[in-house]
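Heads up: the structure comes next, in structure tokens.
Throughout, residue positions are numbered sequentially from 1 according to the sequence presented. Ligands are counted one by one from 1 in listed order, and the atoms in each one are counted from 1 as well.
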Amino acid sequence: MGKHRSILITAGPTHEAIDAVRYVANRSSGRMGVAIAEAARDAGWNVTLLLGPGCAPPRDGVTVRDFVSTADLAKLLDRMFCDCDVLIMAAAVADFRPAEPAKGKIPRSQERLVVEMDRTPDLVARCASAKKPHQFVVGFALEDPQDLQRRAHEKLRRKGLDALVANPLDTMGAETVNGFLCTADGQTLTPSGKKNKDGTLSKVAFARWLIEWVGERVSKTGKG
Ligand code: CTP
């Protein structure tokens, strides 16, 4: 399944410069995306991983390209998205970035610092709007546990995705996941695999389940 097909995976946080030494980041560890890259490699996919700052890369069998900021990741996706069959966008991309990073180091002599931020472009939505019929795009979402399913299906439609992995907010930086998969045809799927007592699943087990589902889905629909 998925032999020699190419999958592009993004993982980890972005760092957005405030000045020459400071940045705005988030708690993403990149472990979910790295686990997905390893599961895809083990399933025979040709894997490219776009990996954010401070994340431990997979040991072997995966082509890794590093990014730091949303702008770096946007450039990599502009170049590489058109050549992949599947994109799995697990990176925690900044929603806002400092409008004008200062050139040097902002001195602490002032009492208060106000940093103006601009909204970033939605990279996964941009890829989804440019996708060819054979391409399959999976996004991720962190949501308030309240109303998780409705919000997730709404986000999937808004971004034009084929599928969306929805997790409650506390998943970021955690060892385990407690999420489900929404599909463009309105299904909500919960992962199989050995669950922990609290109902969570290891990121590795979740990644294997996701890659198996993607492999089956793209071969059934002729996508990929
Ligand atoms: N994403 C992206 N580009 C951004 C922000 C997010 O491609 N600038 C992608 C993430 O990689 C992930 C999904 O969008 O696949 C996550 O979206 P999320 O941050 O949960 O939703 P938002 O678009 O930020 O919507 P909201 O803040 O309203 O929940």
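Note on ligand 1: D122 sits in its first shell, one or more heavy atoms being nearer than 4.0 Å. Heavy-atom separations between C127 and ligand 1 are all 4.0 Å or longer.
Between T120 and ligand 1, at least one pair of N/O atoms sits closer than 3.5 Å. Taking only nitrogen or oxygen atoms, main chain and side chain alike, A94 reaches within less than 3.5 Å of ligand 1. Not a single N or O atom of E143, backbone or side chain, sits closer than 3.5 Å to an N or O atom of ligand 1. Checked against a 3.5 angstrom limit, the closest N/O atoms of M89 and ligand 1 fall inside it. Remark: ligand 1 and A125 share no N or O pair separated by less than 3.5 Å (distance only, no angle test). Not a single N or O atom of G139, backbone or side chain, sits closer than 3.5 Å to an N or O atom of ligand 1. Residue-to-ligand polar distances keep A90 apart from ligand 1: every N/O pair is separated by 3.5 Å or more.
The closest non-hydrogen atom to atom 17 (O) of ligand 1, taken over R126, K159, R151, comes from K159. Across D95, N26, L169, heavy-atom proximity to atom 5 (C) of ligand 1 is greatest for D95.
Close approach of ligand 1 to A141 is summarised as follows: ligand atoms under 4.0 Å from at least one heavy atom of the residue are 20 (O). Below 4.0 Å from some heavy atom of K155 lie the following atoms of ligand 1, by number and element: 18 (P), 20 (O), 21 (O), 22 (P), 25 (O), 26 (P), 29 (O). Listed by number with element, the atoms of ligand 1 under 4.0 angstrom from any heavy atom of V124 are 2 (C), 7 (O), 9 (C), 14 (O). Set against the non-hydrogen atoms of L142, the atoms of ligand 1 under 4.0 Å away are 20 (O). Near A91, the atoms of ligand 1 lying under 4.0 angstrom from a non-hydrogen atom of the residue are 10 (C), 11 (O). Listed by number with element, the atoms of ligand 1 under 4.0 Å from a non-hydrogen atom of P121 are 3 (N), 4 (C), 8 (N).
The structure places OG1 of T70 at 3.5 Å from CD of E16, a figure rounded to the nearest 0.5 Å. Atom NZ of K203 sits about 7.0 Å away from atom CD of E175, to the nearest 0.5 Å.
Atom 16 (C) of ligand 1 has its closest protein heavy atom at F140 O, 2.9 Å. Atom 28 (O) of ligand 1 has R158 NH2, 3.9 Å as its closest protein atom, hydrogens excluded (heavy atom only). Here the heavy atom of the protein found nearest to atom 3 (N) of ligand 1 is L123 N, 3.0 Å.
Put simply, the side chain of R31 never gets that close to the backbone of T176: no donor and acceptor are under 3.5 Å apart. Between the side chain of T190 and the backbone N or O of G179, no donor-acceptor pair lies under 3.5 Å. Looking only at distances, a side-chain donor or acceptor of D72 sits under 3.5 Å from a matching main-chain atom of S69. No donor-acceptor pair closer than 3.5 Å links the side chain of N167 to the backbone N or O of L142.
Inter-residue side-chain proximity for T14 and Y23 is flagged as unmet; no heavy-atom pair is nearer than 4.5 Å. Inter-residue side-chain proximity for K195 and T200 is flagged as unmet; no heavy-atom pair is nearer than 4.5 Å.
With salt bridges taken as basic N to acidic carboxylate O contacts below 4.0 Å, one links K155 and E143.
Contact detail for A163 and L181: the closest heavy-atom pair is CB-CD1, 4.2 Å.
L189 and F180 fall into different hydrophobic clusters, defined by Ile, Leu, Val, Met, Phe, Trp and Tyr side-chain heavy atoms under 4.5 Å apart, directly or through other members.
A salt bridge (Lys or Arg N to Asp or Glu O under 4.0 Å) with R217 holds for exactly one of D185, D85, D162; it is D185.
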